[in-house]
Q: 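Starting off with a structure, shown below.
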Amino acid sequence: MSLLEKLDSKKNWDAFYKFKSETAAPGKGKLKSLKAFIDKKEYHNIAKKIIDGEYRFSYPLKTTVNKKGTNKKRVIYRFQKKESFILKLLTFLLYKYDRELSPNCYSFRRGLCAQSAIKDIVKIKNNDKKYVLKIDIHDYFNSVPADKLSEEIALVIDDDKPLCTLLQNLVTVNKSCLKSADGKYTVIEENRGAMAGVPISAFFANIYLSGLDRIFFEKGVPYFRYSDDILVLCDKEEDVEEYKTLIFNYIAERGLTINNEKLRIYTPGEKWEFLGFSYQNGDIDIAAVSVEKIKAKIKRKAKAMLRRKKRKNEDFFTVAADLADCFNRKFYDDENEDGFTWSRWYFPLLTTAESLKKIDLYLEQYLRFLSTGRNTKKNFNVRYQELKELGFRSLVNEYYKRRWNKNQRRES
C-alpha cells in the first residue's frame, strides 16, 4: 500500500492534529482552522485524486518576508490552504523515512532540535582543544536544483512508486505565481528548489545533503548539521582544511554555494557560535548575533511606542507597561505553554547569565527612554522598582529562579 492512501484516512488526520496540538505547533487560530478542515473532511476530494494519480498541485505563490532582526528579505512559497494542509499531513507521514537520515542531522526531526545539537557538541571529549569549522550554505532551500533533488527523492523513496512520482512532480514543475499590487497573478518559470515556506521543504532539505552527513558519520568525525548550518570539530589544523575542502566540493557538486560571509574557523579555546548559542570553556551562552537582534527589536518597538504615545497623547506608564508586556510574552509567555519563548529555548542550556544581563539593561534603558523620548540621565528618575511595577521582569532573575526550581524538583 502506498503511503499516499493514508491521506484519505480520518484516523491519520486525527493523529496529525493530536501531534500538532501537543507539540510546539501553530497558534490556536491555525489549530482551529486545521480542526475544521478535518471535521468537514475537506481533504477527501484532493486525497482521492492524489491516490488515483490524477491530482496536480497548483503553482505556489512566491513572496518575500523580512529576515528576523535584519533589513534583508527571504523568498518563501505558499500553496493554497487545502493543498498546504495536505502537504502538512504528508510531511508528518514522511517521518517513516527518517531512518534514511544520519544521527548528525538535527533539523526537523522528531525528538531532535537545535538544542539537541548543542547538547551533543558539548559532550564531545576535549572539545575545548579542538578547532571548529562552521559553514553556512547560501539560500539553501530555494537554490537546490530540481533535477538533482528529484534524483535524491528516487534514492530515498525506492519502495513507494506513487509517492516518489508525486514528490518528483512537485519539485520539477519549476513554475510559481507572483501577485502584483493590483491583485493580478502572473505565472513565472524558475527553479523553485526545496521551496522554503512549504511544509514538505523540511523533508527535502534533510534528504538532499544526507550523503554529506553520512560521509562524516562513517568517518566518526564530530559533525553537526541543522538544515543549511554545519559545524565540524577538528583535532588538527590540517583537518580543518581537509574537511572544508570535502564540504566545499560536495556542496558545489550538488549545485549549491557556500556563504563565505558566514564561514568561520575557530581555534582551540576560542568562543564559537552555532544555532543561536555560543560556547567557550564549558560555558553556554546566547550568541552575540542573537543578542544584537533582540536589542534591535527592543529599540524598534520602543520607538514605535514613543510615536504612539505622542500620537494618542498617552502617558509614560501606559506605553512603558505595554512595552514590558510585549517582551514578557516573547521571553516567557506563561499562558502559552507550547509556544516558542526565550525561557523555553535558551534557559535549559545556558550556564551563564552574561548575555541575559546585557538584554536586561538594554530593555531597562528603553523603558526609561519612553519617559523623555531621549537617552539621557534624566531617565534614571524612573527607578528600578517603578519598572518592576510596570511589569518589567528581569531575564537574569527569571533564569536563576527557574534553574533553582529545577534543582529543587531533582532533589525532591
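The first residue of the sequence shown is numbered 1, and numbering continues consecutively from there.
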Q: Quick one: list whatever passes side chain to side chain donor-acceptor pair (under 3.5 Å) with E270, sequence neighbours left out.
A: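 With sequence neighbours excluded, E270 shows a side chain to side chain donor-acceptor pair (under 3.5 Å) to T267, given in chain and number order.
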Q: Regarding R368 and E364, does a basic nitrogen lie under 4.0 Å from an acidic carboxylate oxygen?
A: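 Yes, this pair counts.
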Q: Would you compute the distance between atom CG of L367 and atom CD1 of I298 and round it to the nearest 0.5 angstrom?
A: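 Those atoms lie 8.5 Å apart.
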Q: Start with the C-alpha distance between Y362 and K299, add both sets of side-chain angles, then the distance that settles side-chain contact (heavy atoms from CB on, under 4.5 Å), and finish with yes or no.
A: CA-CA 9 Å; Y362 202 78; K299 184 176 181 179; 3.7 Å; yes
Q: Does R225 make a cation-pi contact with F216, if we ask for NZ or CZ under 6.0 Å from the ring centre and within 45° of the axis?
A: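 R225 over F216 ring: no.
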Q: Less than 4.0 angstrom from a charged side-chain N to a carboxylate O is my criterion; do D285 and K271 meet it?
A: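 So D285 does not pair with K271 through a salt bridge.
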Q: If I compare all heavy atoms of R254 with all of Y208, which pair ends up nearest, and what's the gap?
A: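 Minimum heavy-atom separation between R254 and Y208: O-OH, 2.6 Å.
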Q: Report all side-chain donor-acceptor pairs from residues 229-248 shorter than 3.5 Å, counting only partners two or more places apart or in another chain.
A:
| residue | atom | partner | partner atom | Å |
| --- | --- | --- | --- | --- |
| D235 | OD1 | K130 | NZ | 2.3 |
| D239 | OD2 | K236 | N | 3.2 |
| T245 | OG1 | E241 | O | 2.8 |

Q: Establish, yes or no, whether the cationic atom of R393 lies under 6.0 Å from the six-membered ring centre of F331 and within 45° of the ring axis.
A: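 Because its charged atom misses either the 6.0 Å distance or the 45° angle limit, R393 does not stack over F331.
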Q: Over 60° means perpendicular and under 30° means parallel, so tell me whether W13 and F37 are parallel, tilted or perpendicular.
A: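 Aromatic pair W13/F37 classed perpendicular.
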Q: Please work out which of the three classes, parallel, tilted or perpendicular, describes the rings of F108 and Y226, given edges at 30° and 60°.
A: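 The arrangement is tilted - the two ring planes meet at 30° to 60°.
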Q: Please give me the minimum heavy-atom distance between E100 and R214, naming the atom from each residue.
A: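 Distance-wise, the nearest heavy atoms are O-NH2, 3.2 Å.
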Q: Please tell me if the side chains of N191 and V144 come closer than 4.5 Å, counting only heavy atoms from C-beta onward.
A: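 With C-beta onward as the side chain, the pair stays apart.
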Q: Please find the pair of heavy atoms, one from A288 and one from E273, that lie closest to each other, and give the distance.
A: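 Answer, listing the atom of A288 first, then E273: N-OE2, 2.7 Å.
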Q: Do the charged groups of K148 and E151 touch, with an N to O distance under 4.0 Å?
A: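 Looking at K148 and E151, the cut-off is not met.
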Q: Check each of W345, F277, Y346 against I286 using the side-chain contact (heavy atoms from CB on, under 4.5 Å) test, and report the only one that passes.
A: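 So the option named by the test is Y346.
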Q: Does Y366 have more than 12 heavy atoms from other residues, nucleotides or ligands lying within 6.0 Å of its OH?
A: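 Counting neighbours around OH of Y366, more than 12 heavy atoms of other residues, nucleotides or ligands fall under 6.0 Å, so yes.
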Q: Who are the side chain to side chain donor-acceptor pair (under 3.5 Å) partners of S107, not counting sequence neighbours?
A: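 Side chain to side chain donor-acceptor pair (under 3.5 Å) check on S107 returns N206.
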Q: May I ask you to decide whether E22 forms a salt bridge with K18, counting only side-chain N to carboxylate O separations under 4.0 Å?
A: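 Yes, charged N to carboxylate O under 4.0 Å.
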